[in-house]
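This report refers to the structure that appears directly beneath it.
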Amino acid sequence: MNLSIYNNYTVKEIMFFVIIASIPAIFTECYFFGFIILIQILLFIIFSLIFEIIILKIRQKNIKNNILDNSSIVTSVLLGLSIPCTLTWWMIIIGAFFSIVVSKHLYGGLGQNIFNPAMIGYAVLLISFPLYMSSWNKENTNLFSLNDLKTSINKIFFKTSKSDFLISSDPEDFTEATPLNDLKNKSYYNYDISLKNLTSQNKKITVFSAYNYINISFLLGGFFLLYKKIICWRIPFSFLFSFFFLSVINFLFSINPIVSPFFHLFSGGTMICAFFIATDPVTTSYSNIGKIIFGSIVGLLVYIIRNYSDYPDGVAFSVLFGNMLVPLIDNFLKTSGYGHRDI
């Protein structure tokens, strides 16, 4: 499939603009969590390109043309921005392998994959290493210093024990959890789960604020992609509308509402899902109505998983399940590919 038909950009240009749009989020995450974010993204890029070259060599494809389309770099950047800063180098290899080899090339390569490669890698890591994938750094007071660099390298390359993650049964000991993890964990303990309590400690304020600013950064990057017409407005709009509408209904009519709809809107992976993940042109519906249906379904699933499952966020599983429904949506709308009449 030639993605350049989609909006007069080449694949290489589309991927380049996505990388540009992700720069605010990269700087924001680095500000809150340090050099480790850049190292993780760099490792994802290196391992992804290695896997890409190996599999292209095996498939006897043109290595230079495929490498230069920047698609593997985009997958690596988005995956690197989605994972916590607790993952070690060998976990990053596993994530890169499933994103590039399994999700992308085993289905025939770019344009043939039915699942979002970055979310496949994320889902595998989440299922395989749930404790690592739900823990973030405490407040980092040595940002962008030599000590920060040393600490980051040590965490990624030399951490071999799980002792750093040993916790007791007191919910207050989940000190490195994200706001959504904190909310989910305390709900099991009949704890006083008010928004004030969630942010009562300085280190929690750091993580709480980080997620607000990170989501705002992805929102700004999303506006840039909309301005450059790299993505279609229908998917982010329908996703955010369905997700926010259900959160408002729950907040207004729930007997014991915990957090506001805006908390959900700017927590977890909401904005990266709306503008960078769900908008992947390969794994979404072709028609305009199909895009709205797809975005609405993903928003509905994120709401259900966040509120009723054991997972605090649910973006990855929602997007992947939405990808599974895309052929059914297109078949129902009688569209099978580009060149058909817009519906």
Side-chain angles (χ1 to χ4, degrees), residues 1-26 38 40-83 92-122 124 218 221-222 224-232 235-236 272-273 275-286 291 316 319-320 323 326 337-339:
M1 180 173 61
N2 186 356
L3 298 181
S4 63
I5 298 173
Y6 182 69
N7 50 14
N8 297 322
Y9 289 110
T10 65
V11 174
K12 184 178 180 179
E13 289 171 335
I14 293 173
M15 300 301 170
F16 175 75
F17 281 123
V18 174
I19 295 171
I20 295 297
S22 65
I23 288 178
I26 294 175
L38 287 178
Q40 286 179 323
I41 292 175
L42 182 61
L43 288 177
F44 267 121
I45 293 175
I46 293 173
F47 292 131
S48 295
L49 290 178
I50 291 174
F51 284 131
E52 182 104 44
I53 291 172
I54 293 174
I55 203 72
L56 287 172
K57 188 72 175 178
I58 295 173
R59 297 180 60 201
Q60 298 181 336
K61 298 288 185 180
N62 187 303
I63 295 177
K64 182 179 179 181
N65 290 343
N66 285 277
I67 290 295
L68 294 180
D69 65 12
N70 295 330
S71 60
S72 294
I73 297 178
V74 167
T75 299
S76 302
V77 170
L78 295 180
L79 190 50
L81 289 173
S82 302
I83 63 167
I92 292 175
I93 291 179
I94 293 174
F97 174 82
F98 277 92
S99 292
I100 301 300
V101 178
V102 177
S103 176
K104 182 179 176 181
H105 281 286
L106 290 189
Y107 284 91
L110 182 65
Q112 305 298 321
N113 53 295
I114 61 175
F115 295 108
N116 187 295
M119 290 299 96
I120 285 289
Y122 183 91
V124 169
F218 280 117
F224 172 76
L225 293 177
L226 288 172
Y227 172 74
K228 298 297 292 185
K229 297 183 179 179
I230 300 298
I231 62 175
C232 172
I235 293 177
I272 188 176
C273 176
F275 295 98
F276 289 81
I277 302 296
T279 52
D280 175 15
V282 176
T283 56
T284 57
S285 178
Y286 299 120
K291 288 182 173 63
V319 170
L320 294 176
N323 294 155
V326 165
Y338 290 118

Search all heavy atoms of [X] against all heavy atoms of [Y] and return the closest pair with its distance.
{"X": "D280", "Y": "P117", "answer": "OD2-CD, 4.3 Å"}
{"X": "N70", "Y": "M15", "answer": "CB-CB, 3.4 Å"}
{"X": "L56", "Y": "H105", "answer": "CD2-CE1, 3.6 Å"}
{"X": "N116", "Y": "T283", "answer": "N-CG2, 3.7 Å"}
{"X": "S22", "Y": "V77", "answer": "OG-CG1, 3.5 Å"}
{"X": "K291", "Y": "C232", "answer": "CD-SG, 3.7 Å"}

Between L38 and L42, is any pair of side-chain heavy atoms under 4.5 Å apart?
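Side-chain contact under 4.5 Å: no.
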
Going by heavy atoms in the side chains, are M119 and S82 under 4.5 Å from each other?
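They are in contact (side-chain heavy atoms under 4.5 Å apart), so the answer is yes.
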
Evaluate the criterion side chain to side chain contact (heavy atoms under 4.5 Å, CB included) for residue pair F115 and Y107; output intermediate values, then yes/no.
CA-CA 9 Å; F115 295 108; Y107 284 91; 3.6 Å; yes

Please step through side chain to side chain contact (heavy atoms under 4.5 Å, CB included) for the pair I45 and L49, ending with a clear verdict.
CA-CA 6 Å; I45 293 175; L49 290 178; 3.9 Å; yes

Between [X] (side chain only) and [Y] (backbone N and O only), is there a donor and an acceptor less than 3.5 Å apart?
{"X": "R59", "Y": "I54", "answer": "no"}
{"X": "Q112", "Y": "G109", "answer": "no"}
{"X": "Y9", "Y": "K228", "answer": "yes"}

First locate atom [atom1] of [X], then atom [atom2] of [Y], and finally report the distance between them rounded to the nearest 0.5 Å.
{"X": "F16", "Y": "D69", "atom1": "CZ", "atom2": "CG", "value": "14.5 Å"}
{"X": "I83", "Y": "Y122", "atom1": "CD1", "atom2": "OH", "value": "9.5 Å"}
{"X": "L43", "Y": "I92", "atom1": "CG", "atom2": "CD1", "value": "4.5 Å"}
{"X": "I235", "Y": "T284", "atom1": "CD1", "atom2": "OG1", "value": "4.0 Å"}
{"X": "I53", "Y": "I58", "atom1": "CD1", "atom2": "CD1", "value": "12.0 Å"}
{"X": "I100", "Y": "N113", "atom1": "CD1", "atom2": "CG", "value": "9.5 Å"}

Check: S48/S76 side-chain N/O donor and acceptor closer than 3.5 Å:
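S76 and S48 do have a side-chain donor-acceptor pair below 3.5 Å.
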
Do you see a donor-acceptor pair shorter than 3.5 Å between the side chains of K104 and S71?
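K104 vs S71: donor-acceptor pair found between side chains.
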
Test side chain to side chain contact (heavy atoms under 4.5 Å, CB included) on F97 and F47 and set out the steps.
CA-CA 8 Å; F97 174 82; F47 292 131; over 6 Å; no

Go through the steps for V18 and L225 under the test side chain to side chain contact (heavy atoms under 4.5 Å, CB included), then give the verdict.
CA-CA 7 Å; V18 174; L225 293 177; 4.2 Å; yes

Is there a ring-ring contact (aromatic ring centres under 6.0 Å, His included) between F218 and F275 once you walk through the steps?
CA-CA 7 Å; F218 280 117; F275 295 98; 9.4 Å; no

